[in-house]
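Each remark here refers to the structure printed beneath this line.
Both backbone and side-chain heavy atoms feed into the values below; hydrogens, waters and symmetry mates do not. In each ligand, atom 1 is the first atom listed, and ligand 1 is the first ligand listed.
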Amino acid sequence: MTPTETERAALDAVIDRALELHAGAPVFTASVLHRGEVFGPHANEVGETRDPSRHAEIVAIARAGAALGTTDLSEATLIASMQPCEMCLAAMRWAGISRLVFAMTQTRAPTFFQFPALGIDDFARAADNSFTWSGGHGADRLSQIYEGT
Ligand SMILES: Nc1nc2[nH]cnc2c(=O)[nH]1
């Protein structure tokens, strides 16, 4: 899948936000792009909420759904600084999102995944390819945050 210009612009903003927030520990950011409107960037809220499920993508999906008054984000694209983890891929699917664009990849930063034997291709296949994705865009800008961790 080739990201649209709007998706690339939203990804650039997500990357910028991660770099702004970065102060040592890895930081993750994500947005939901829905009909040209960007919800985000939002950061991971695991630390402040003490909730291990509060990944940036979950926050972005929750905020977009709340703002739009729906759980149906089937017209949206999920945009993330890091390849979404297994939990976030499931949340994306529950929201009906079928387009995904991200920067850093599991291949380059494998430590952030709980099921390392499974790659995103495996998840797409297991979901009957009901979502398309494109990753690695701008990943070099984030190598200081995620690589070598
Ligand atoms: N993609 C992603 N990976 C993570 N690993 C730990 N937290 C996060 C997060 O918020 N997003």
Side-chain angles (χ1 to χ4, degrees), residues 1-4 6-34 38-68 71 73-74 76-127 129-149:
M1 173 266 253
T2 305
T4 64
T6 317
E7 288 168 336
R8 285 301 299 266
L11 181 63
D12 285 343
V14 157
I15 294 171
D16 289 344
R17 187 75 183 126
L19 290 169
E20 270 166 30
L21 292 173
H22 185 224
V27 57
F28 303 87
T29 50
S31 290
V32 166
L33 173 66
H34 181 267
V38 179
F39 297 89
H42 295 288
N44 171 307
E45 296 180 351
V46 168
E48 60 263 50
T49 59
R50 275 84 168 159
D51 176 351
S53 71
R54 216 67 193 144
H55 281 194
E57 295 89 334
I58 304 272
V59 176
I61 289 168
R63 299 275 157 78
L68 292 165
T71 57
L73 299 177
S74 52
T77 304
L78 180 63
I79 312 276
S81 64
M82 163 66 84
Q83 179 178 317
C85 75
E86 306 81 354
M87 171 181 72
C88 291
L89 288 176
M92 179 186 86
R93 298 265 297 124
W94 282 113
I97 298 175
S98 62
R99 287 179 71 82
L100 168 64
V101 177
F102 55 89
M104 186 54 74
T105 62
Q106 181 176 8
T107 309
R108 287 177 64 164
T111 57
F112 298 104
F113 296 83
Q114 297 297 331
F115 298 87
L118 297 175
I120 193 156
D121 276 328
D122 298 308
F123 284 94
R125 206 176 310 115
N129 294 308
S130 53
F131 68 91
T132 55
W133 57 274
S134 184
H137 309 282
D140 287 344
R141 296 182 62 205
L142 294 171
S143 58
Q144 64 195 99
I145 302 184
Y146 302 127
E147 283 186 305
T149 52

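Considering every non-hydrogen atom in both Phe102 and Pro84, the closest pair reads CD2-CD, 3.9 Å. Listed here is the closest heavy atom pair of Ala43 and Leu21: CB-CD1, 3.6 Å.
Residues meeting the salt bridge (charged side-chain N to carboxylate O under 4.0 Å, His left out) test with Arg93, sequence neighbours left out: none. Residues that satisfy the side chain to side chain contact (heavy atoms under 4.5 Å, CB included) test with Asp121, not counting sequence neighbours, are Arg125, Trp133. Residues passing the salt bridge (charged side-chain N to carboxylate O under 4.0 Å, His left out) test with Arg8: none are found, sequence neighbours excluded.
Formation of a donor-acceptor pair under 3.5 Å by the Tyr146 side chain with backbone atoms of Val27 is found in this model.
The protein residues lying under 4.0 angstrom from ligand 1, judged by non-hydrogen atoms, are Phe28, Asn44, His55, Ala56, Glu57, Met82, Gln83, Pro84.
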